[in-house]
Amino acid sequence: MREWWIHVGLICIPLVAVYLHIPPPQLSPALQKWHSAGQVFYFRGRKVFYRDSYGALGSSDVVILLHGFPTSSYDWNKIWEPLTQRFHRVVAPDFLGFGFSEKPRPHKYSIFEQASVVEALVVHLGLINQRVNVVSHDYGDTVALELLYRSEQNRTGHLTLNSLCLSNGGIFPETHYPRLLQTLLKDSSFLAPVLTRLTNYMMFQKGIGEVFGPYTQPTDAEFWDMWTGLRYNDGNLVLDSILRYINQRLKHRERWVGALTSTLVPLHMIYGPLDPVNPHPQFIRLYQQLVQRSTVTILDEHISHYPQLEDPTGFLNAYFNFIHSF
């Protein structure tokens with residue numbers, strides 16, 4: 001009997017070792033095209049990937065797109081071309097630890113650092129004296145609020161906002177409901193290293209699928225591209241470090257919500273109401289109560305947490321209506 005268990009152990013150990021070190025998937029042609037069209041700059045010695053496209057002639061308007069967790073700038077791919085037809089310049093970075101940017105570990109990821117990444121990119125691109133329009137989603141919403149605070153409250157920011165459009169982000173801790181795995185990863189120093197290594201495509205697909213609407217699910221290819229971006233440079237191994245931003249939102253709520261409620265910058269919220277992370281109607285009621293100067297677009301009832309991917313036409317119509325309103 002003992003010899004039987006020894007044989008099983010000898011077989012299982014190398015299989016588990018192989019499983020925990022599965023090489024990242026190859027880039028699809030679509031993702032390879034996105035990557036090839038991008039560039040990198042260095043932030044404090046770390047490589048940061050970004051897309052920068054010149055578009056409409058006769059316009060000087062610039063838009064910067066800030067993506068969410070746990071994905072990347074590729075989240076904006078469905079609205080990229082229409083934006084280049086409206087704006088002179090469209091810019092989208094991958095935050096440090098995301099997508100094609102460097103993913104250092106160990107590393108203390110923070111919203112403050114990501115805001116500094118955006119500011120450094122603005123300087124790198126020569127946009128320091130340019131008023132820019134910011135569109136953000138999820139994690140990017142909180143980065144945008146830190147940029148708003150810096151530009152208005154302490155005047156140290158390198159970014160001057162012309163407008164800010166938020167979408168489906170957990171800007172209010174009291175109406176934010178992270179997924180179970182996110183909660184486990186952000187708070188458990190013991191389990192996190194195991195869970196990040198055990199995270200696989202099926203778990204990822206199920207988790208992401210839950211925050212899309214039932215009629216707006218990504219295709220298999222789109223799920224795979226999201227997973228590929230996450231796995232690039234072993235991004236799954238830094239998920240726990242990045243997820244501490246949820247606790248940062250709670251700790252710095254007054255700073256970030258205060259900046260949102262006091263600003264005179266034109267504001268808009270594009271909201272997918274089926275979002276289980278920032279549920280309807282609690283989230284949008286609180287937003288409208290606290291941010292009374294902001295305009296709001298509530299999309300179709302079947303649109304969930306990723307409105308720019310689930311309803312790109314509705315998202316663009318809402319955004320262009322906002323831009324043309326001031």
key: Evaluation steps, salt bridge (charged side-chain N to carboxylate O under 4.0 Å, His left out), between Arg131 and Asp61   = CA-CA 8 Å; Arg131 296 178 65 85; Asp61 293 344; over 6 Å; no
Is there a donor-acceptor contact under 3.5 Å from the side chain of [X] to the main chain of [Y]?
X	Y	result
Asn168	Gly272	yes
Ser101	Gly97	no
Tyr109	Pro104	yes
Asp141	Leu166	no
Glu146	Thr142	no
Gln248	Ile111	yes
Ser36	Lys33	no
Thr71	Met226	no
Thr263	Leu260	no
Asp138	Gly140	no

Pairing donors with acceptors under 3.5 angstrom, does anything connect the side chains of [X] and [Y]?
X	Y	result
Tyr287	Ser294	yes
Ser28	Gln32	no
His268	Thr297	yes
Trp34	Ser72	no
Thr175	Gln282	no
Thr196	Asn236	no

Do [X] and [Y] make the cut of ring centroids closer than 6.0 angstrom?
X	Y	result
Phe43	His124	no
Tyr306	His137	yes
Tyr139	Phe98	yes

For [X] and [Y], which heavy atoms make the closest approach, and how far apart are they?
X	Y	value
Arg253	Leu290	NH2-CD1, 3.8 Å
Leu147	Glu119	CD2-CG, 3.7 Å
Ala30	Tyr74	CB-OH, 3.4 Å
Phe326	Ser163	CZ-CB, 3.4 Å
Ala259	Leu145	CB-O, 4.2 Å
Gln130	Val62	CG-CG2, 3.8 Å

Tell me, do [X] and [Y] make a side-chain contact under 4.5 Å, heavy atoms counted?
X	Y	value
Phe95	Leu66	yes
Leu65	Val91	no
Ile284	Ile298	yes
Tyr271	Ser167	no
Pro70	Ile242	no
Phe87	Ser59	no
Pro214	Leu274	yes
Asn200	Leu198	no

Atom pair [atom1]/[atom2] of [X] and [Y] - distance to nearest 0.5 Å:
X	Y	atom1	atom2	answer
Asn321	Thr295	CG	OG1	9.5 Å
Leu309	Thr216	CG	OG1	9.5 Å
Ile171	Asn278	CD1	CG	8.0 Å
His305	Asp275	NE2	CG	5.5 Å
His252	Ser110	NE2	OG	8.0 Å
Gln308	His67	CD	NE2	11.0 Å

- Message: Under the criterion salt bridge (charged side-chain N to carboxylate O under 4.0 Å, His left out), I'd like the reasoning laid out for Asp52 against Arg89: C-alpha separation, chi angles, the key distance, then a yes or no.
- Response: CA-CA 7 Å; Asp52 178 19; Arg89 203 165 179 181; 2.9 Å; yes
Open item on the list: Grouping I, L, V, M, F, W and Y whenever their side-chain heavy atoms are under 4.5 Å apart, do Trp224 and Tyr232 come out in a common cluster?
Closed with: no
Original post:
Should Trp76 and Phe315 be marked as a side chain to side chain contact (heavy atoms under 4.5 Å, CB included) after you check the CA-CA gap, both sets of side-chain angles, and the distance that decides it?
Top reply: CA-CA 11 Å; Trp76 306 107; Phe315 190 99; 4.1 Å; yes
Ring-face cation of Arg249 near Trp256 (centre distance under 6.0 Å, axis angle within 45°):
no
Greater than 12 external heavy atoms within 6.0 Å of [X]'s [atom1]:
X	atom1	answer
Tyr215	OH	no
Tyr177	OH	yes
Arg285	CZ	no
Glu174	CD	yes

**OP:** For the pair Ile270 and Phe322, evaluate side chain to side chain contact (heavy atoms under 4.5 Å, CB included) and give the outcome as yes or no after the intermediate values.
**Re:** CA-CA 10 Å; Ile270 301 176; Phe322 164 58; over 6 Å; no
* To do: Starting from the C-alpha separation in whole Å, work towards a yes-or-no answer on side chain to side chain contact (heavy atoms under 4.5 Å, CB included) for Arg150 and Phe112.
  => CA-CA 10 Å; Arg150 293 183 187 187; Phe112 299 102; 3.8 Å; yes
Side chain to side chain donor-acceptor pair (under 3.5 Å) filter on His107, not counting sequence neighbours, yields Glu113
Is there a side chain to side chain contact (heavy atoms under 4.5 Å, CB included) between Thr313 and Ile79? Walk through the geometry before answering. CA-CA 8 Å; Thr313 300; Ile79 63 172; over 6 Å; no
task = Take Glu222 and Lys78 through the salt bridge (charged side-chain N to carboxylate O under 4.0 Å, His left out) test and state the conclusion after the steps.
result = CA-CA 11 Å; Glu222 289 169 343; Lys78 291 186 178 182; 3.2 Å; yes
- Query: Is Glu102 paired with Lys47 through a side-chain N to carboxylate O contact shorter than 4.0 Å?
  - Reply: no
Notebook entry, point to check: Aromatic rings Tyr245 and Phe69: how do their planes relate, parallel, tilted or perpendicular, breaks at 30° and 60°?
Noted result: tilted
Could you label the plane-to-plane angle of the His35 and Phe49 rings as parallel, tilted or perpendicular, counting under 30° as parallel and over 60° as perpendicular?
-> parallel
